[in-house]
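These notes concern the structure reproduced below.
Please read all numbers here as calculations on a predicted model, not as lab measurements. So that the names make sense, note that chain A is the first sequence line, chain B the second, and so on, each numbered from 1.
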Amino acid sequence: MHGQRCFHLLVCNNNVGYWAHAFTKQEPGLGKFRKYSLSSSSDFYSSLGLEDFLSVGDTYGTEEDTDMAILYGTLRGSVVGLRYYTGIVNNNEMVALQREPNNPYDKNAVKVNNVNGDQVGHIKKELAAALAGIMDNKLAVVEGVVPYGAKNAFTMPVQMSFWGREENKEIVLDQLKRHGFKLALPLKECGFGSKWISGRAGPSYSAPVHAAVQLTTNQLKSEFDKLFEDLKEDDKTCEMEGAEAVGTPLLPHQKQALAWMVSRENSNDLPPFWEKRSNFYYNILTNFAEKQRPENVLGGILADDMGLGKTLTTIALILTNFQDGKPLPVEKITSDKFYESVKKKYSDDGPRATLIVCPLSVLSSWIDQFEQHIHQDFHVNIYVHYGSDRSKDPSVLSEQDIVLTTYNTLATDYGIRGDSPLHKVKWLRIVLDEGHTIRNPNAQQTKAALNLEAHRRWVLTGTPIQNSVKDLWSLISFLKLKPFTDREWWHRTIQRPVTMGAPGGLGRLQSLIRSITLRRTKTTKVKGKPILELPERRVLIQYVTLTEEERQIYQSVKKEGKAAISGFFSEGTVLTHYADILGVLLRLRQLCCHPRLCINTSSSFSADNKIPEELHETLVRKMKLVLSSGSDEECAVCLESLTLPVITQCAHVFCKPCIFEVIRREQPNAKCPFCRNELRVEHLVECPLEEEIDSSNRKKLDQEWISSSKINALMHALIELRRDNPTAKCLVVSQFTTFLSLMENPLKESGFAFTRLDGSMAQKKRVEAIRCFQSSQAGSPTVMLLSLKAGGVGLNLTAASRVFLMDPAWNPAAEDQCFDRCHRLGQKHNVVITKFIVKNSVEENMLKIQNKKRELAAGAFATKKPSATEVKQTKINEIKALIDL
DNA sequence: ACCGCCGGGTGCC
DNA sequence: ACCGCCGGGTGCC
């Protein structure tokens with residue numbers, strides 16, 4: 001049951017139907033998807049979709065460090081044997097030199113190909129003999145341009161440039177010398193007049209090497225952002241309404257994005273850098289020409305900032321632009337008997353399905369957004385291709401309107417030769433979400449994505465240029481823009497000119513980007529107005545004083561805990577007792593909220609006199625308890641809040657993807673990043689983030705209900721708020737779901753209409769809770785009890801203009817993300833956030849640590865990622881600060 | 001003549 | 001290739 005994450009269900013009274021070819025299975029709750037409750041290692045591999053964490057691809061950095069290359073010099077040579085090959089070139093056209101070690105006549109053979117990859121001829125054998133060693137040992141990259149004589153019948157000249165790392169220069173010059181060749185040095189003083197080197201085709205040569213100005217990543221990034229600052233282009237500011245089936249009204253900038261995407265998909269334009277010249281098509285970068293019209297990508301890159309609605313816009317595109325600019329033909333649900341109409345086939349034979357590939361972490365967000373944005377009256381077939389029982393039948397996939405899958409599923413399917421249904425389907429369109437995931441060209445995910453078949457190809461990303469221009473290549477390559485699908489042409493015409501600061505390089509990249517991407521930031525202006533005007537957001541801290549009784553309990557637990565922890569410090573066993581320490585801190589944090597929260601957290605410490613297995617078991621159990629309380633713990637690898645926490649044998653906790661990455665990198669002897677103990681996949685224990693409160697527990701909470709200082713403070717604030725503004729809605733947020741439950745009682749008693757949203761709820765209930773809360777109808781709930789981590793990035797709770805954060809999180813970013821659920825697009829009011837903090841408590845110390853983290857994050861661009869030991873030391877210092885040691 | 005020279009055959013690697 | 005090179009034919013002036 002746990003492993004059942006491939007949805008074969010049809011929800012009739014819902015707006016989205018998830019169904020397989022035969023209506024065989026029904027499963028009522030998509031909430032299953034969110035919840036993993038695996039604990040034994042035997043379950044582990046089979047049901048977890050292990051492929052999502054064990055990357056099949058090789059590691060980054062295997063590619064040649066072309067970034068470091070300098071120009072050694074140039075050499076004129078000749079291409080021979082033209083009459084035996086079909087490849088033709090133009091004067092000044094770039095050519096590729098390719099080693100052909102298996103040539104039966106000469107093992108030193110070097111082929112000469114044109115931009116299209118067609119062979120033009122061979123490098124003359126004496127020269128080839130000199131080049132072979134250099135090329136095979138990757139001492140230099142040799143690039144060619146045919147300066148003239150392109151129409152010759154038997155031989156033609158080729159101007160070669162040698163590029164490589166500084167330290168290889170002498171070896172290369174020496175090897176050439178031994179064969180009687182000498183490079184002409186690139187002349188610094190030739191400046192822009194270095195025409196004889198470059199011909200007209202070599203933008204890469206026209207740069208005097210040492211005069212090159214290398215742009216830093218940040219400079220580049222700002223260059224790009226500048227490019228999009230003020231959109232004037234008409235094709236990006238036209239607006240378009242979504243089809244009827246789009247259930248959410250689009251905002252102006254989303255209508256612009258939709259119009260642009262539709263126009264891209266229906267475009268007849270030539271791709272960038274191509275011109276029609278009499279009866280052939282000409283590439284102005286490489287000077288390559290061909291009769292056949294080069295295909296333009298019917299798509300591009302949607303690179304809007306987070307929060308502008310890329311997902312909604314994409315859903316709108318799918319529903320609005322099917323064929324010939326007509327909307328996707330979906331069934332309108334008019335009666336109860338819509339089953340038959342759903343099965344109706346579309347007579348058209350063309351591809352129908354859109355494939356969306358996304359990281360696992362946003363899979364649920366897509367499902368949420370389908371639910372949210374597809375109009376209730378329309379039936380759209382959506383299939384989630386994920387999990388161990390995913391379909392192997394391509395026809396199941398091609399019949400859908402939308403197929404959703406993850407990069408790792410895609411890569412795993414692709415790896416199993418000839419058995420990838422995803423690669424057998426002709427898609428109408430492919431959308432890669434978080435497209436920068438495929439920036440490593442050698443990774444299996446990238447290769448698998450590149451080999452999917454569709455004319456319409458889209459990349460969604462919030463960070464188009466993450467590290468360098470280099471990262472763009474995979475995306476461009478996915479878009480199948482000629483001639484950039486071949487890395488050499490991308491490198492010679494764009495990447496090198498840009499990174500070396502060659503004149504025109506950046507301009508060229510900009511014009512490429514401009515023609516295929518749409519990027520808006522939150523501050524982008526259209527016609528002088530910012531596209532997003534978010535109301536103000538204020539964060540207030542309200543201090544709470546514990547009652548005498550609460551303080552007594554708190555102090556006694558603190559005293560005991562402090563003694564134990566200082567004991568661990570003096571023994572040097574802080575790391576082995578990490579779970580114990582988190583347990584102490586958790587109890588103190590819980591006591592700040594409500595004394596009742598501690599009921600199921602044992603206070604005993606794991607004694608060292610136990611045999612190791614017992615100790616380990618207790619520690620793991622303790623860690624599970626900490627996590628299941630809802631506490632937002634951090635992963636020491638990524639420094640973010642935990643996603644899919646797993647506990648190691650040494651009782652430390654990490655995100656599952658993070659720890660698998662460590663294991664993969666350090667295999668076969670991986671060590672826990674935290675304590676350097678042995679780390680084995682089969683010892684990892686998965687842990688659900690939130691446990692549902694069992695009914696007996698809940699009864700207990702109801703029967704013996706008592707209040708707490710924090711609850712009193714909250715109720716006071718709520719009642720005051722209601723008096724001042726009866727319709728104002730607010731979110732009451734806590735990490736502890738039990739705490740949320742404890743608040744239900746006084747809310748009821750004071751007559752508040754409230755709803756609740758936490759991670760344990762089934763999808764349907766969640767959707768209902770959200771809809772209810774967002775409704776502006778009289779009598780709709782004014783309070784939502786919200787667990788800190790509930791919902792994905794897509795969660796929209798803009799009806800609320802007040803937030804009460806009941807307990808601080810370790811990670812300020814987690815809090816911010818939560819606030820953004822109401823302080824986001826669509827918010828009409830100023831947002832006021834109140835953080836309740838207990839005076840003289842662990843909470844106050846947490847605030848201090850939060851502030852430090854904020855400062856660190858603000859300067860994040862300058863500082864490098866801290867090492868594991870640094871993380872460890874920071875954690876230890878934090879523990880000391882938290883418990884006043 | 002174990003040369004030179006002539007002119008036809010021929011041609012990437 | 002309107003080249004170079006190869007190898008067979010040839011041979012005083």
Sequence neighbours left out, what passes salt bridge (charged side-chain N to carboxylate O under 4.0 Å, His left out) with [X]? Give chain and number order.
X: A:E170; result: none
X: A:D304; result: A:R520
X: A:K426; result: A:E453
X: A:D269; result: none

Say you pick atom C1' in B:dC2 and the same atom in C:dC13; how far apart are they, in whole Å?
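Approximately 25 Å lies between the C1' atom of B:dC2 and that of C:dC13.
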Between B:dA1 and B:dC5 - C1' atom distance, rounded Å
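It works out to 12 Å between them.
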Test A:K310 against A:D433 for salt bridge (charged side-chain N to carboxylate O under 4.0 Å, His left out), laying out the working first.
CA-CA 9 Å; A:K310 288 190 287 287; A:D433 188 23; over 6 Å; no
Checking base pairs now: Watson-Crick or wobble, both atom distances under 3.5 Å. What partners C:dG11?
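Matched C:dG11 with B:dC3 under the 3.5 Å cut-off.
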With a 4.0 Å heavy-atom cut-off, tell me which residues in residues 115-125 of chain A come close to DNA chain B, sorted by residue number.
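Listed by number, they are A:H122, A:I123, A:K124, A:K125.
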Where along residues 95-106 of chain A does a heavy atom fall under 4.0 Å from DNA chain B?
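Close to the strand are A:N103, A:Y105, A:D106.
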[X]: which residues meet the side chain to side chain contact (heavy atoms under 4.5 Å, CB included) condition with it, sequence neighbours left out?
X: A:T446; answer: A:I438, A:A443, A:L450, A:S474
X: A:K111; answer: A:Q98, A:E100, A:N113, A:Q119, A:H122
X: A:T405; answer: A:L355, A:V357, A:H385, A:T409, A:L422

Verify stack between A:F154 ring and B:dG11 base, 5.5 Å, 30 degrees
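The ring of A:F154 is not stacked on B:dG11.
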When you compare the protein's N or O atoms with those of nucleotides 8-10 of chain B, which come within less than 3.5 Å of each other, and at what distance?
none

Residue pairs passing the salt bridge (Lys or Arg N to Asp or Glu O under 4.0 Å) test where at least one lies in residues 278-299 of chain A, sequence neighbours excluded:
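Residue pairs with at least one partner in residues 278-299 of chain A: A:E290-A:K482.
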In whole angstroms, how far is the [atom2] atom of [N] from the [atom1] atom of [X]?
X: A:L127; N: B:dC12; atom1: CG; atom2: P; value: 17 Å
X: A:L82; N: B:dC13; atom1: CG; atom2: P; value: 11 Å
X: A:E126; N: B:dC12; atom1: CD; atom2: C1'; value: 11 Å

Contacts under 3.5 angstrom, residues 174-185 of chain A side chains, donor-acceptor by atom type, not counting sequence neighbours:
from	atom 1	to	atom 2	distance (Å)
A:D174	OD2	A:R178	NH2	3.1
A:H179	ND1	A:Q175	O	3.1

For the ring pair A:W458 and A:W427, is the centre-to-centre distance below 6.0 Å?
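Distance test on ring centres: not under 6.0 Å, no.
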Answer with yes or no whether A:Y84 presents, from its side chain, a donor or acceptor under 3.5 Å of a partner atom in the base of B:dC13.
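It does not, because no donor-acceptor pair links the side chain of A:Y84 to the base of B:dC13 below 3.5 Å.
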Respond yes when some side-chain nitrogen or oxygen of A:R83 is under 4.0 Å from OP1 or OP2 of B:dC12, and no when none is.
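Result: yes.
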